[in-house]
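Each ligand, and each atom within it, is numbered from 1 in the order the structure gives. Only a predicted model underlies this, so the values are computations on that prediction, with no experimental measurement involved. The basis for the numbers below is simple: all heavy atoms, side chains too, and nothing from hydrogens, waters or symmetry mates.
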Amino acid sequence: MPPAPSAPSDGELIRRTIREVEPVADQAVGHLYAVLFTENPGLRSLFPVAMDLQRDRLLRSLLAACRLADDPPALERMLAPMGRGHRRFGTLDAHYPLLGRALFAALARYAVGTWTPQTEAAWGRAYAAVAGIMIRAARESELTGEPPWWQAEVIGHRMCSPDIAVITLRPDHPYPYRPGQFATLETPWWPRVWRNYSIACAPRADGTLELQVKAVSGGWVSRALVHRARPGDVIRLGAPEGAMVVDPDSEDNVLCMAGGTGIAPLKAIVEDLVNRQPRRRVELFYGAQYADRLYELEPLTELASRCAWLSLRPVVANPPARGLQGRLPDVVRRYGPFPDTDVVLSGPPEMLRRSRAMLLGQGVPEERIIHDPLEAMGEAFSG
Ligand SMILES: NC(=O)C1=CN([C@@H]2O[C@H](COP(=O)(O)OP(=O)(O)OC[C@H]3O[C@@H](n4cnc5c(N)ncnc54)[C@H](O)[C@@H]3O)[C@@H](O)[C@H]2O)C=CC1
C-alpha cells in the first residue's frame with residue numbers, strides 16, 4: 001500500500017491562504033481595518049490620518065511573518081526588532097488579539113477556497129507565535145529602561161544637491177545603533193507616518209546622528225525633511241532596526257556596493273571600520289546615475305587616501321563619467337569573482353535584486369550577501 005499522504009504543515013496551509021489572498025490584498029486589508037475600527041473605535045487614533053500606505057504595510061508584514069510559521073529562528077529574527085520598535089506606536093499587549101480577530105475575519109472572507117478548520121487552526125498557532133515574540137521583545141526592551149521613542153533635535157541641515165539634504169540630529173538619550181542600521185522616524189508635519197532612514201555615520205562621541213535624505217516625488221516625509229526641516233525642529237525616532245551589520249572581528253574581505261543615497265549606511269560601516277583599523281580589504285563601489293550625484297565622493301576620496309585597506313571606485317551610469325561607467329551590478333561583475341568576501345548592498349530595490357543575482361552567479365555564497373529586506377525598501381526608505 002502506498003504510504004498515506006502526510007498532512008500539510010502549518011507553513012504549507014498558511015502559504016496556500018496567502019497565495020489566495022494576495023491578488024485581492026487591497027480588499028482584504030480594507031476589510032481588516034473596517035472590522036478592527038468598527039469593533040474598537042479607540043484604536044483609530046494610533047494610525048495615520050491617511051491610511052493608504054499603512055494599509056498595505058500591515059498586511060504585508062503580517063503575511064511575511066506568518067509565512068515563516070515553519071521557521072521559528074527566522075520568525076524571531078524578523079519580529080523581535082519589530083516588537084521592540086512597536087513601542088513607539090503605543091501598542092499594548094491587549095491590542096494583539098483584537099488585530100488577530102480582524103485578520104481572521106478578512107482571511108475568512110477573502111480566502112474562502114482555502115479557509116478550512118485546519119487552516120484556521122494553523123493560522124491561530126502562527127499568529128499566537130507572532131504576537132508572543134512581539135510582546136516579549138517589547139517587554140524586554142521596556143525592562144532595560146530603553147525609551148519607547150527618542151526625541152531628536154535637528155541641529156544641522158545642509159543641501160548637497162537640489163533634492164538631497166544631510167541632516168544632523170541630536171537625540172535626547174543615547175541612541176544605541178550599530179553601523180548599517182536604520183532609524184524609523186516621524187516628523188511633526190505628518191503625525192504617525194513613520195519612514196526608515198539609514199544612519200549615515202559611525203557612532204559619535206557626542207551622540208549626534210547623520211541622515212541623508214532624498215526628496216522623492218509624492219514622498220510626504222522625505223519632502224518635509226529636505227525642504228521644510230530646519231535647525232530647532234524636533235522629530236521622533238523609534239528604536240534602531242536592521243541587520244545589515246558586518247562582523248567587526250572577521251578578517252575576510254568586504255565588498256560594498258552603494259547606489260545613490262544607499263551610500264548612507266555604507267558610509268557608517270566604513271567610518272566604523274576606520275575607527276577599528278581592520279585587518280581586511282574593503283572595496284567600495286559607489287554608483288549614481290550622473291557624476292554630479294556622487295555627493296559623498298569628496299570625503300570618501302579623502303578617507304581612502306588615508307586608508308591603504310580601502311579602495312573607492314565611483315561608478316556613473318550616464319556619461320560623462322568620472323571613473324567607471326555603467327550600472328553598478330554590470331560594472332562590479334567585471335571585478336569578480338569574490339572569494340572569501342562578505343558583501344554589503346545598499347540602494348534601489350532593483351539594484352539590490354540584480355546585484356544579488358550577479359554575485360550568486362559569481363559563486364558568492366548567499367549567506368555572505370547582506371542587505372536590508374526588500375520589503376522594507378521603496379516607500380519605507382524614501383517616502
Ligand atoms: N539600506 C538601504 O538599502 C538603503 C536604500 N536606499 C534606497 O536607495 C535608493 C536611492 O535612490 P537614488 O539615490 O535615486 O538612486 P538611483 O536610482 O540614482 O540609483 C543609484 C545607483 O543604482 C544603480 N541602479 C539604479 N537602478 C538600477 C537597476 N534597475 N539595475 C541596476 N542598477 C541600478 C545605478 O546604476 C546607480 O549606480 C532609494 O530607492 C532608497 O530607498 C537608500 C538608503 C539606504
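The distance criterion of under 3.5 Å between nitrogen or oxygen atoms is not met by Pro349 with respect to ligand 1. Residue Ala288 has at least one nitrogen or oxygen atom sitting less than 3.5 Å from a nitrogen or oxygen atom of ligand 1, judged on distance alone.
In Asp372, the part holding a heavy atom less than 4.0 Å from any atom of ligand 1 is the side chain. Counting heavy atoms closer than 4.0 Å to ligand 1, residue Ser198 contributes side-chain atoms (C-beta onward) but none from N, CA, C or O.
By the 4.5 Å heavy-atom criterion applied to side chains, Ile133 and Met78 are not counted as neighbours. Proximity of Ser222 to Tyr197: side-chain heavy atoms (C-beta onward) are separated by under 4.5 Å at one or more points.
Counting atoms of ligand 1 from 1 in the listed order, those under 4.0 Å from a heavy atom of Gly260 are 13 (O), 15 (O), 20 (C), 21 (C). Under a 4.0 Å criterion applied to the non-hydrogen atoms of Gly259, ligand 1 contributes the atoms 10 (C), 20 (C), 21 (C), 22 (O). Those atoms of ligand 1 with a heavy atom of Leu328 less than 4.0 angstrom away are 35 (O), 37 (O). Near Lys214, meaning under 4.0 Å from one of its heavy atoms, ligand 1 places the atoms 12 (P), 13 (O), 14 (O).
The residue among Met351, Met244, Gln325 with a heavy atom at the shortest distance from atom 24 (N) of ligand 1 is Met351. Nearest-heavy-atom check against atom 42 (C) of ligand 1 across Val344, Thr261, Ile263, Asn196 picks out Thr261. In the candidate list Gln289, Arg353, Met358, Arg354, Arg354 is nearest to atom 31 (C) of ligand 1, counting heavy atoms.
Aromatic rings of Phe104 and Trp115 (six-membered ring for Trp) have centroids within the 6.0 Å cut-off, being under it.
A donor and an acceptor atom, one from each side chain of Tyr335 and Glu283, are nowhere located under 3.5 Å apart. Ser161 and Asp163 are linked by a side-chain donor-acceptor pair at a separation below 3.5 angstrom, with hydrogens and angles left out of the test.
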Derivation of the side-chain contact (heavy atoms from CB on, under 4.5 Å) call for Leu294 and Val316: CA-CA 8 Å; Leu294 292 167; Val316 175; 3.7 Å; yes
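Ring geometry, Phe89 versus His86: the interplanar angle exceeds 60°, so the pair is classed perpendicular (tilted spans 30 to 60°). Using bins of under 30°, 30° to 60° and over 60° for the plane-to-plane angle, the ring pair Trp190/Trp220 lands in the parallel bin.
Put simply, no part of Ala264 is less than 4.0 Å from ligand 1, judged by heavy atoms.
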